Amino acid sequence: MMNSSDKLIVSPAPHVHDKSTVKNVMWNVVLALLPALVFATYFWGIRALLLSLTGAVAAVVCEAIIQKLRKVPVTVQDGSAFLTGLLLAFNIHAGAPIWLPIVGAVFAIGVGKQVFGGLGNNPVNPALLGRAFLLASWPTQMTAGWVAVKNSAMSGLNDLTRIANNLGELSPKAYELVTSATPLGVAKTLRDTSFVSQINAEAGGIDLGGRIFGGLTEMETLKSLFWGNIGGCIGEVSAFALLLGAAYLLYKNIIEWRIPLFYIGTVFVLSFIFGGIPGSGTSIMLPFFHIFSGGLMLGAFFMATDYTTTPLTKSGRIIFGIGCGLLTVVIRLVGGYPEGVSYSILFMNVLTPLIDMMTMPKAFGKVKK
Amino acid sequence: MRLKTFPGGIHPHDEKHYSKAAPITNFPTPNRVIIHLSQHIGAPSTPIVAVGDTVLKGQLIAEPSGFVSLNQHASISGKVTKIGKFMHPTGALAMGIEITSDGMDQMVELVDDENFMSLPVESIKERIAAAGISGMGGAGFPTHVKLSPPADKPIDVAILNGVECEPYLTSDHRLMLEHAQKVIDGLKIIMKVTGARKGMIGIEANKPDAIDLMHKLCSKEKNLEVVGLKMQYPQGAEKQLIFAATGRKVPAGGLPMAVGVVVQNVGTALAIYEATRYRKPLIDRVISITGSVVKKPMNILAPIGTLYSDLVEFCEGTTAPVGKAISGGPMMGFALPSLNAAMTKGSSGLVLFDEKEAKSMAEHTCLRCARCVDICPMNLMPSLIASSVKYHDLDSAVEAGLNDCIKCGSCAYVCPARIRLVQWIDTGKLRYAEAQRNK
């Protein structure tokens, strides 16, 4: 029996397709961020979860309103706005006021994405643009009031307090540094020769600088950084949780290995060569300190792999990764901020069209000119 | 055996289970056939019969109208009842000759040259040209032209394409299993004609029985080699197959002869054998009728010009409403508006989808995810070609690889935004050709 032969669909080849859709891609990335969200909630309490969801929902609502105003189809179910909002909130610390992720998400979606025509057209990563906007506009709220880790199931490794032990008696200045700054901030301050000689002098000639530096790069600290038992932004909580999500995305072929590998690899190598402090030099553990600290894992696997704002070509992605790594190390070691991941990625985003142009592949069989 | 392959490409489900176990079945003489005048790349053939003429099976009914053109023969005996436009397997209307059967199936006289291998090269070429053979893998380049490379391009390797990388299709697979020796003889003829010293048969790993059989038959001959290939689409594309089998790269814009290679489909090799030994014109071929809704998926040896609707009926029809009818494989085949099209020499299969399989999603804007760039077997930037065509920037499209695209469809297969990349590229190729003409 031949049925409905008059209703055949005529469409161009190919007539089969793999299962991937935009929606599928975006929600899978959200899924890959869940381990980090779970860890953040565990270490910093329910407020981390609340801030994250607030950012995500604010982004979705904002996108829907703008699309209604633009009279274009509302596409929030594709998950991309939710993802942007979530990533934005991941760049805020758990002690931040609740309006901060809302304002950031609205800026990210409005100015970072919809102004350019929506998904696929934005020149830079909207979540990182939102973060840069918040940091420039409300620097105090963005940095002050880091929430100490609440859950001390891993007590003993807790925060940098272990390093701070006895420091108070030796040098108030050194104690203040270790207890008030992020690990990357501590590492950076230790590179200041005059600061180090001051605290060493306060302590009566003991090499405090070297002692703190040694504390940063010892196994206990690296463990804290890896598992997430340390201060930072919500999404930076645990290198382990982020790697878990990243492994899922790599397995699902949603992100590609070139950018993260060359990004993290560059940071690893350069921080070993240039990251030492005066007097103590470098340490074989220093590269591990640098790759597990701050936003590198989050940035390398979830921000620098953003499709729209990174190069199309394979060699371009290598250049992009190396560029991000180079800038991150430069900012971390000599720039004005303790952490440089987000600005590095934003900067490389802007270079992306140039990189693509420079790295156009030669067709199979084309003779190199 | 170490499996070989090429860089890039995709891994679609092969879906060959529907018909791969079905032996080749002969189709009874159809009531009518339509012999299309364009069954090949090149100028359409010129009819030499008129409405009302009586023709025999195998009788010449249309002649080449240029150097790159083809003879066409009646595939059944009967009367010419119409010369006009009929639906082509590409879905378009094209000129063809309709023959209505007299039920006699009377064939022109054939010969049997048992010593066909000792025939002089020129007379083999003549027989191939007379038989009206064009590439049966799909592209349809006239075979006698392909086998006559200019003297300054010596051929040293002849490759038979038994890859059949299109999902669903099994006609070449069955042909290799059931006519292995004839296919090998066809390869030897090709080697003799082109002067190739080495003959290779490329077969993908999903046809282990065909690899084993061919291997057994070729093992005694030291200049023949069976190349097992890793499953990867589009391995059957000429340039990809040549690279996988020999490591040679056909220059962009060039032909295989530039690297001393000639490639022929296994079905073409069989036709070459039959033309050389029996002077048999190409009047039938094996076609797979398959897909989820075909009641009895089959591989059918059918006269050229048989209507798809007759073939589906021969497979006892369908089990559910048909949503899409694809002439060829699902990666590069054409969706037909109806089953009234008649098969040609390049028709390797008809795939029927149910209504659910036929659905496709709307185009989304490009995410720039670069999956198409990562898998493009020609190392092009499909998304960039497509967007350049969309915004009428032909120069950028050419720079991104417009003219090197082989339209394999891998890019569109992996695109999460479901962009019709091949269609955009096709549009670009047409616009480019037009721009060149107007220069």
Side-chain angles (χ1 to χ4, degrees), chain A residues 1-26 28 72-73 75 78 80 117-122 253-256 258-259 305-317 352-353 356-357 359-367, chain B residues 10 12-13 91 167 239 249-252 254 309 312-313 317-318 320-326 330-339 351 353 358-361 364-370 373-374 377-381 383-384 399-401 404 409 412-414 416-418 420 422-423 426:
Chain A
M1 265 300 296
M2 210 23 240
N3 297 314
S4 69
S5 58
D6 52 344
K7 278 194 273 177
L8 294 179
I9 293 175
V10 177
S11 62
H15 307 284
V16 285
H17 200 284
D18 70 7
K19 290 196 173 66
S20 69
T21 60
V22 172
K23 208 168 153 178
N24 179 300
V25 165
M26 295 298 165
N28 262 313
V72 294
T75 57
D78 69 16
S80 73
L119 184 57
N121 298 314
N122 45 299
N253 208 11
I254 285 172
I255 62 171
E256 201 249 7
R258 284 184 178 81
I259 291 175
T305 53
D306 172 50
Y307 292 153
T308 306
T309 57
T310 57
L312 287 171
T313 64
K314 290 173 204 171
S315 47
R317 277 171 250 158
T352 292
D356 271 341
M357 225 188 281
T359 55
M360 200 79 103
K362 286 266 179 290
F364 180 84
K366 201 85 139 191
V367 185
Chain B
I10 55 169
H13 289 290
K239 292 180 179 183
K249 275 189 184 181
V250 178
S309 51
V312 173
E313 206 171 294
T318 53
V322 179
K324 201 184 240 186
I326 303 156
M331 288 302 298
M332 289 182 77
F334 296 91
L336 296 173
S338 86
L339 288 177
V351 183
F353 279 180
K359 286 212 174 79
S360 52
M361 290 171 65
H364 191 282
T365 44
C366 175
L367 296 183
R368 289 177 41 92
C369 72
V373 178
D374 287 349
M378 292 304 289
N379 209 23
L380 312 175
M381 300 182 70
S383 62
L384 196 56
E399 206 182 322
D404 293 305
Y413 178 85
V414 297
R418 309 287 174 131
R420 316 260 189 269
V422 183
Q423 196 182 23
D426 243 348

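We name chains A, B, ... by the order of the sequence lines, and we start the count at 1 in each one. This structure is a prediction, so every number in the text was calculated from the model and none was measured.
Minimum heavy-atom separation, B:Pro337 to A:Leu8: O-CD1, 3.7 Å. In terms of heavy-atom proximity, A:Val22 sits nearest to B:Ala417 at CG2-CA, 3.8 Å.
A heavy-atom distance below 4.5 Å is not found between the side chains of A:Pro12 and B:Val422. Counting only heavy atoms from C-beta outward, the side chains of B:Lys324 and A:Ser11 approach each other to under 4.5 Å. Side-chain contact between A:Leu119 and B:His364 is present, with heavy atoms from C-beta onward closer than 4.5 Å.
The contact between B:Val250 and chain A is made entirely by backbone atoms, counting heavy-atom distances below 4.5 Å. Heavy-atom distances place no part of B:Pro12 under 4.5 Å from chain A, backbone and side chain included. With a 4.5 Å cut-off on non-hydrogen atoms, B:Phe353 touches chain A through its side chain but not through its backbone. In this structure, the portion of B:Ser383 lying under 4.5 Å from any heavy atom of chain A is its side chain and not its backbone. Of the two parts of B:Cys369, the backbone and the side chain both hold a non-hydrogen atom closer than 4.5 Å to a non-hydrogen atom of chain A.
Under a 3.5 Å cut-off, the side chain of B:Asn379 and the backbone N or O of A:Lys362 do form a donor-acceptor pair. Side chain of B:Arg368 to main chain of A:Asn121: no donor-acceptor pair is present (N/O by atom type, distance under 3.5 Å, no hydrogens or angles).
The most heavy-atom pairs under 4.5 Å with chain A, out of B:Asp426, B:Val351, B:Ile326, B:Leu384, come from B:Ile326. In terms of heavy-atom pairs under 4.5 angstrom with chain B, the leader among A:Val10, A:Thr308, A:Thr309 is A:Thr308. Residue with the most contacts toward chain A among B:Gln423, B:Arg418, B:Arg420: B:Arg418 (heavy-atom pairs, distance under 4.5 Å). Top candidate by heavy-atom pairs under 4.5 Å with chain B, chosen from A:Pro311, A:Ser80, A:Gly118, A:Ser20, is A:Ser20.
The pair B:Asp374-A:Arg258 fails the salt-bridge criterion, with no side-chain N (NZ, NE, NH1 or NH2) lying under 4.0 Å from an Asp/Glu carboxylate O.
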